[in-house]
**Student:** 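One structure is given below, represented as structure tokens, and several questions about it will come after.
Quick note: numbers below take in every heavy atom, side chains included, and nothing from hydrogens, waters or symmetry partners.
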Amino acid sequence: MVFGSWLISAVVLPVNGLRPLRQRPKSWGDEWLLVSKDKHELGPFSSWNITGTYKGDWRFLDSANSSSKFPDFKKSKGNSVLELMSTPTKITGVHYVQGVIIFHGVFDDEQDVGSAKIRVEGVYIWPFRQLRMIGNSGKESEFGQEDDYILSNPYHLLGVFSSQVFQESPREKIWKRKHSPIYEMEKHCNIEIAAQISRVSSTQNDGDHDRYHLEGLMETPSVDDDGDCFSPMLLNATSVDVDVYYNKAVNYTLMVTFISFLQVLLLIRQMEHSNTHSGAAKVSILMIGHQAIMDAYICLLHLTAGILVESLFNAFATAAFFKFVVFSIFEMRYLLAIWKANRPMNNGENWEAMRHELSALYSRFYGILLGGILVMYEFLKYFRFILLLLHSFWIPQIIINVVRDLRKPLHPHYILGITITRLAVPLYAFGCPHNFMRIEPDKKWCVCLSIFMGFQASILLLQHYFGSRWFIPRQILPEKYSYYRRFDQAANNATDCVICMTTIELCHRSNDCMVTPCDHFFHSSCLQRWMDIKMECPTCRRPLPPS
């Protein structure tokens, strides 16, 4: 009856502002809305559906005394996200509203409590575009509809994904909930919100759907009527066009799919470059295994994200499928080829030993894959440092090049292509200011990652063109056999190259002719191509030392 009488007086009688939730002299709701109200908004307008996501900022009106009872509220402004669900009622002109307000940057950085999340409910009187809400600390089950809306909203993809995958234990959740400042605030403070709703002009609205602007005040009087818990807070938010975020997510999955296709082409090019037994033995098995694990993680991430957000399942499942193809078909096949090249068997005589070694290879691979997930779960605070470690996959190849003095194990196109495609996803997530993941850009970290990857790729390219040990002084290198050693040209004026079956003119400069330790002569280009296939003399089949 009290609510009905208040509603009649609010709708029938002419008003200059919104009547406060509690009668108090010189109410802040009446005073503020009287100043900020647009007279053209009053009247019998059509009903607006304000259900949606609102993104904006908050700030205390009195920054000098933001909170006297809660010293944790040390910041005076920050970002905010509002989730509102509007439901029509039997009373004409009134909608029931429930939702959640998430305040970012409320607490001091030393407080490990995350963002402040407050549940609210109230009424929206659409003839006057006025919204009144109060805080609600009820049970979680009472807001199932709102939780379902958040789960189906692409805007909350990253937050829901991180809370589901890297969730804390129930005991830690209960302990943090009971010892958090938000729990104390809901226990000792009444939350009252008065806001005015306006439509965003067509010049600012880029989408096809209507967008709304919310502006109002939040006040928190104490339960014991002994003052306010903290100063009045100004809220300013604009509705988010979810279709824009949906399109951004779809475009992102198209980018990942295209990158996966490029990586398949680059892998095929590298396999052709090292299609021989000795060529595959030059490639580091750790390097290929490292990249396979990265692709497996990306596949799992996209598949889990598609499961959590049903509206984006098809897009993310497609990206996960292509990453699965890269990981399970091409990279694992190349991994086995490298493993066989490094462990030759004799016509199946040691089949039992080969099977045990193959089982050990798969066990180590999937053990590292699962162990990496546990490591990221335990050290989630250092996730960006872990990403740097994941993008150090060129280092094993650089080391094995120096140790074994390998010659051109990787194709330059493969080095450059893989470096660029591996940088695409992290640079989008942490470098794009308008990414759909709602991650704040970190230009310094992106620059560090690019420099780190570029440094690795540069070393590999220099090793390809100038030798594996180009950066090591010759004085500390071990002595090596020189295939361009001097020989007695008077004794042999001409001989035949058994590789190309043409005559070798020994009177020419020594760079055109190479001499093996067994004193056999070959053209330089012929012997170098031969040594890329097998390290033995083409004439007498004696093992050849590294060049």
Side-chain angles (χ1 to χ4, degrees), residues 112 158 160-173 256 259-260 263 267 283-308 316-317 319-340 342-343 353-400 403 418-419 421-426 429-430 437 439 445 448-449 452-453 456:
D112 188 16
L158 184 67
V160 173
F161 176 75
S162 59
S163 64
Q164 293 290 332
V165 177
F166 303 108
Q167 60 183 353
E168 299 172 341
S169 62
R171 291 185 179 181
E172 291 178 351
K173 275 189 172 183
V256 175
I259 288 174
S260 302
Q263 290 176 351
L267 273 170
V283 183
S284 173
I285 193 172
L286 293 178
M287 183 263 294
I288 298 298
H290 194 151
Q291 295 188 50
I293 289 176
M294 290 178 60
D295 287 326
Y297 286 152
I298 296 175
C299 175
L300 292 175
L301 286 171
H302 287 82
L303 186 61
T304 307
I307 293 174
L308 290 176
F316 278 89
F321 171 75
F322 276 89
K323 275 298 177 182
F324 178 77
V325 170
V326 176
F327 145 68
S328 63
I329 297 179
F330 291 94
E331 289 177 336
M332 289 302 295
R333 178 185 174 184
Y334 197 32
L335 186 72
L336 291 177
I338 298 171
W339 177 79
K340 290 180 181 179
N342 289 319
R343 291 168 177 80
M354 182 178 180
R355 189 178 66 177
H356 284 298
E357 290 187 9
L358 190 60
S359 300
L361 175 68
Y362 278 105
S363 300
R364 287 193 294 267
F365 178 82
Y366 289 105
I368 294 174
L369 181 66
L370 296 177
I373 296 176
L374 296 178
V375 169
M376 287 187 287
Y377 175 81
E378 292 293 334
F379 300 97
L380 189 59
K381 295 181 180 178
Y382 309 99
F383 183 69
R384 298 188 179 183
F385 178 74
I386 294 174
L387 280 181
L388 285 176
L389 293 180
L390 285 176
H391 287 81
S392 61
F393 50 84
W394 291 130
I395 295 179
Q397 186 65 53
I398 296 173
I399 294 175
I400 197 175
V403 173
I418 291 297
T419 301
T421 53
R422 294 291 180 191
L423 283 173
V425 175
F430 296 97
M437 300 178 185
I439 300 178
W445 185 87
C448 291
L449 179 63
F452 182 59
M453 290 289 294
Q456 298 178 63

**Student:** Evaluate the side-chain proximity of T304 to F316: yes if any heavy-atom separation is below 4.5 Å, no if none is.
**Tutor:**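 They are not in contact (no side-chain heavy atoms under 4.5 Å apart), so the answer is no.
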
**Student:** What pair of heavy atoms forms the shortest contact from Q263 to T421, and how long is it?
**Tutor:**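 Closest pair (atom of Q263, atom of T421, distance): NE2-OG1, 3.4 Å.
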
**Student:** Tell me, yes or no, whether the heavy-atom count around F324 atom CZ, taken from other residues, nucleotides or ligands under 6.0 Å, exceeds 12.
**Tutor:**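 No, CZ of F324 has 12 or fewer neighbouring heavy atoms, counting only those of other groups under 6.0 Å.
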
**Student:** Hey, what do you get for CG (L267) to OH (Y334), rounding to the nearest 0.5 Å?
**Tutor:**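 Reported value, rounded in 0.5 Å steps: 8.0 Å.
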
**Student:** From F330 CZ over to I288 CD1, what is the distance, rounded to the nearest 0.5 angstrom?
**Tutor:**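 Answer for the CZ-CD1 pair, F330 versus I288, is 13.5 Å.
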
**Student:** Report the distance from atom CD1 of I399 to atom CD1 of I395, rounding to the nearest 0.5 Å.
**Tutor:**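 Those atoms lie 6.5 Å apart.
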
**Student:** Can you tell me how far the CZ atom of R333 sits from the OG atom of S328, to the nearest 0.5 Å?
**Tutor:**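 Going from CZ on R333 over to OG on S328, the span is 12.5 Å.
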
**Student:** Find the distance between CG (L301) and OH (Y297) and round it off to the nearest 0.5 Å.
**Tutor:**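 It comes to 10.0 Å.
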
**Student:** Within the structure provided, determine whether F321 and S260 are in side-chain contact (heavy-atom separation under 4.5 Å).
**Tutor:**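 The answer is no, as the side chains (C-beta and beyond) never meet within the 4.5 Å cut-off.
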
**Student:** If you take all heavy atoms of I338 and S284, which pair is closest and at what distance?
**Tutor:**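 For I338 versus S284, the nearest heavy atoms are CD1-O, 4.4 Å.
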
**Student:** Can you list the residues that meet the side-chain hydrogen bond (donor to acceptor under 3.5 Å, both in side chains) rule with Q456, with sequence neighbours excluded?
**Tutor:**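 Residues passing side-chain hydrogen bond (donor to acceptor under 3.5 Å, both in side chains) with Q456: none at all.
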
**Student:** Using distance only, find each side-chain donor-acceptor pair of residues 360-376 under 3.5 Å and give its atom names and separation, not counting sequence neighbours.
**Tutor:**
from : atom 1 : to   : atom 2 : distance (Å)
S363 : OG     : S359 : O      : 2.8

**Student:** At their closest point, which heavy atom of P396 faces which heavy atom of M287, and how far apart are they?
**Tutor:**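 Nearest pair, atom of P396 first, then M287: CB-N, 4.2 Å.
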
**Student:** If you compare all heavy atoms of R422 against all heavy atoms of P426, which two are closest, and at what distance to 0.1 Å?
**Tutor:**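 Here R422 and P426 meet closest at O-CD, 3.3 Å.
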
**Student:** Please round to the nearest 0.5 Å and tell me the distance separating atom NE2 of H290 and atom CG of L335.
**Tutor:**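 Here the interatomic distance stands at 13.0 Å.
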
**Student:** With the side chain counted from C-beta on, respond yes when F430 and L449 share a heavy-atom pair under 4.5 Å apart, and no when they do not.
**Tutor:**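 Counting from C-beta outward, F430 and L449 never come under 4.5 Å.
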
**Student:** Who passes salt bridge (charged side-chain N to carboxylate O under 4.0 Å, His left out) against R384, sequence neighbours left out?
**Tutor:**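 Here the qualifying residues are D442.
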
**Student:** Would a 4.5 Å heavy-atom cut-off, applied to side chains only, mark I386 and K381 as touching?
**Tutor:**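 When only atoms from C-beta onward are counted, K381 and I386 do not touch, as no gap falls below 4.5 Å.
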
**Student:** Any heavy-atom pair between the side chains of L358 and W339 that's under 4.5 Å?
**Tutor:**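 Contact flag for W339/L358 side chains = yes.
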
**Student:** So which heavy atom on A319 is nearest to which on V256, and how close?
**Tutor:**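 Result for this residue pair: CB-CG1, 4.0 Å.
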
**Student:** Are L286 and Q397 packed together at the side-chain level, in the sense that at least one heavy-atom pair is separated by less than 4.5 angstrom?
**Tutor:**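 No. Closest side-chain heavy atoms not under 4.5 Å.
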
